[in-house]
Amino acid sequence: MADLPSDKVDEAKQVFDVFDKKYEGKVDSFYIGDMLRSLGIYPTQAECEKRGQTKKTGEKFLKVEEFLPIYSEFYKMPAKNFGTYEDFMEGLKLFDKESNGLMSLAELTQVLVAMAEKLEPRVVEEILRSTNTKDDAEGMFNYDTFVRALLQGPFPNEST
């Protein structure tokens with residue numbers, strides 16, 4: 001694809017192949033956001049749904065030739081369109097009642113399952129497990145470490 005550097009095309013094809021679980025040259029459109037996040041782009045569910053992501057698995061499939069323009073569109077967007085480290089830190093500081101870099105893990109879980117783009121509790125559990133996020137004896141955790149691990153990906157997919 002001419003509007004993506006060749007290394008990015010190769011990277012996108014590799015990610016596509018990982019999500020092509022049946023080796024049929026197609027991926028369930030439900031995974032568009034997961035593929036983008038695997039490529040270091042952090043769109044919202046709404047942005048992905050505008051570009052063909054389905055709300056349930058099995059509704060629609062896409063080929064790599066259809067995914068590359070979607071990736072290209074997001075790749076060309078300025079980084080400020082997505083959540084950055086600074087954005088996440090600023091948002092989580094609101095829950096840091098003692099300004100010590102710690103917040104309640106229970107409170108984070110509640111925010112993720114109840115606000116904005118809600119996540120299923122099992123997805124939150126997988127995110128916490130994949131980022132190795134654990135609370136201390138008081139139920140607190142260091143959110144800087146969490147955000148850094150979160151931005152490293154890969155993200156759990158929501159259908160498991």
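Bear in mind that the values here come from a model prediction, so they are computed numbers and not experimental data. All values below come from the heavy atoms of this structure, side chains included, with hydrogens, waters and symmetry mates left out.
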Met35 versus Val15, closest heavy-atom pair with distance: O-CG1, 3.7 Å
For the student: nearest non-hydrogen atoms of Ile41 and Pro43, plus distance: O-CD, 3.0 Å
Contacts of type side chain to side chain donor-acceptor pair (under 3.5 Å), residue [X], not counting sequence neighbours:
{"X": "Thr131", "value": "Thr133"}
{"X": "Glu107", "value": "Lys97"}
{"X": "Lys134", "value": "Asn132"}
{"X": "Glu73", "value": "Arg51"}

Glu49 side chain to Thr54 backbone, donor-acceptor under 3.5 Å: no
Glu90 side chain vs Asp87 backbone, donor-acceptor pair below 3.5 Å: no
NZ or CZ of Lys21 within 45° of Tyr31 ring axis and under 6.0 Å: yes
Full working for salt bridge (Lys or Arg N to Asp or Glu O under 4.0 Å) between Asp34 and Arg37: CA-CA 5 Å; Asp34 292 332; Arg37 286 186 277 279; 3.4 Å; yes
Counterpart residues, ring pair (Phe, Tyr, Trp, His ring centres under 6.0 Å), relative to Phe67 (two or more places apart): none
Salt-bridge present (Arg129, Glu126; N to O < 4.0 Å): yes
Verdict with supporting geometry, Asp28 and Thr57, side chain to side chain donor-acceptor pair (under 3.5 Å): CA-CA 6 Å; Asp28 196 309; Thr57 59; 4.7 Å; no
Residue list, salt bridge (charged side-chain N to carboxylate O under 4.0 Å, His left out) with Glu11, at least two apart or on another chain: Lys8
ILVMFWY cluster, Leu112 and Leu92 together (side-chain gap under 4.5 Å): yes
Verify same cluster id: Tyr71, Met77 (apolar side-chain graph, 4.5 Å): yes
Verdict with supporting geometry, Leu102 and Phe141, side-chain contact (heavy atoms from CB on, under 4.5 Å): CA-CA 5 Å; Leu102 301 175; Phe141 73 102; 5.8 Å; no
Residue pair Arg148, Asp144: steps toward the salt bridge (Lys or Arg N to Asp or Glu O under 4.0 Å) verdict: CA-CA 6 Å; Arg148 289 181 190 281; Asp144 175 72; 3.1 Å; yes
